[in-house]
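A quick write-up on the structure given underneath.
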Amino acid sequence: MPLNRLLIAVIVGPERLLWRVGGQAPQVWWRDDDARWPTLAFERLLDLSTRRAAPLTVAAVPDGDLAALAEACRATPGVELAIHGFRHQNRAAPGAPSGEVNDQDRLEDVVSELGAAVSAFARAGTPATLFVPPWNSVHPTLSSALVVHGLALSGYGQARNASAAPPRLDAHLDVMRWKPRPRFRGAIRFLLRLRRLLAQRRRARAWDEPIGLLTHHLDHDPAAWAFLEDFLTVFRPVASGDLR
Ligand SMILES: [Zn+2]
């Protein structure tokens, strides 16, 4: 058995068994961030999604070639595009966490920026219903603008809330580590976090509470790609549209 499959079996196997005993299966969905135009890494991502029959939500920055991305996604069953910010520009004050919307921004300006992004996706023939803020930075002004445009929100680490304004469906499980440089998180770290997320849901009997897998195709090293191959064989994602 390949090492990754063995680690999956050893680290999360017992927890998966407890789910099966309860007659339940975890709801995993898959979000990938930072697409701007088709690249070799993007082709590899879509190929992985196809081979594993794994539905995928690709968060794309509106200033890229949305038409080309939309065309590639249309040719791949189960892949949808979400809006990833306006220009993926860090406009936070020095020393503050990165984010594109800040305290100085007026709601009407953010509503207008968001309107331009929505229109760009519609023009590319891929109307978007989900917004993924860069750096998962959810500023209250951005939330209000999402409500104005009727968009759902995907950040990081929070529970699903379909009745919130805006409705929220987060990612929880990042395949990467970012500091001091992007690299695979490591199978053991990743699987220990997954085990914790699964155990929390089981103990709370929150069987339907989704777990969002987060990837960044442009930053994957060979170890990250190899791990995803095995992970997606064992955990079959569902489409984000089925969860919101
Ligand atoms: Zn991003």
Side-chain angles (χ1 to χ4, degrees), residues 29-46 48-49 55-70 72-73 79-102 105 110 113-114 116-118 120-121 124 126 128-143 145-146 149 151-158 166 168-185 190 193 210-221 224-225 227-228 237 240 244:
W29 74 284
W30 180 13
R31 190 185 104 199
D32 183 277
D33 287 2
D34 292 349
R36 274 196 162 97
W37 35 74
T39 59
L40 284 177
F42 188 68
E43 282 174 28
R44 186 170 183 178
L45 178 78
L46 296 188
L48 176 61
S49 164
L56 167 64
T57 298
V58 176
V61 188
D63 65 3
D65 188 347
L66 290 180
L69 287 177
C73 291
V79 179
E80 67 156 2
L81 289 180
I83 306 173
H84 193 34
F86 309 136
R87 279 165 290 279
H88 211 298
Q89 184 182 16
N90 181 19
R91 298 177 56 256
S98 299
E100 198 164 38
V101 176
N102 64 38
D105 289 329
V110 177
E113 288 267 28
L114 192 53
V118 167
F121 277 69
T126 178
T129 56
L130 183 68
F131 186 91
V132 179
W135 301 280
N136 296 296
S137 165
V138 184
H139 193 279
T141 308
L142 173 64
S143 286
L146 292 174
H149 283 285
L151 292 168
L153 164 69
S154 182
Y156 192 80
Q158 293 202 11
R168 185 158 182 161
L169 177 67
D170 276 12
H172 308 87
L173 199 51
D174 193 342
V175 82
M176 303 296 289
R177 292 177 81 184
W178 294 97
K179 288 178 180 163
R181 60 187 164 73
R183 64 198 188 284
F184 177 43
R185 172 175 292 268
F190 179 96
R193 177 166 172 81
I211 295 175
L213 167 68
L214 178 60
T215 62
H216 283 78
H217 65 279
L218 292 171
D219 295 296
H220 293 173
D221 51 21
W225 285 115
F227 180 79
L228 286 170
S240 77
R244 50 189 171 92

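Only a predicted model underlies this, so the values are computations on that prediction, with no experimental measurement involved. Both ligands and their constituent atoms are indexed starting at 1 by order of listing.
- Not a single N/O/S atom of Asp33, whether from backbone or side chain, sits less than 2.8 Å from the Zn ion (ligand 1).
- Using cut-offs of 30° and 60° on the angle between ring planes, the pair Phe184 and Phe227 is tilted.
- None of the N, O or S atoms belonging to His216 lies under 2.8 Å away from the Zn ion (ligand 1).
- Using a 30° and 60° split on the angle between ring planes, His172 and Tyr156 fall in the tilted class, from 30° to 60°.
- Between His88 and Trp135, the ring-plane angle classifies as perpendicular under the 30° and 60° cut-offs.
- When the N, O or S atoms of Asp34 are ranked by distance to the Zn ion (ligand 1), OD1 comes first.
- Note on Asp34 versus Arg36: no salt bridge recorded, every NZ/NE/NH1/NH2 to OD/OE distance being 4.0 Å or above.
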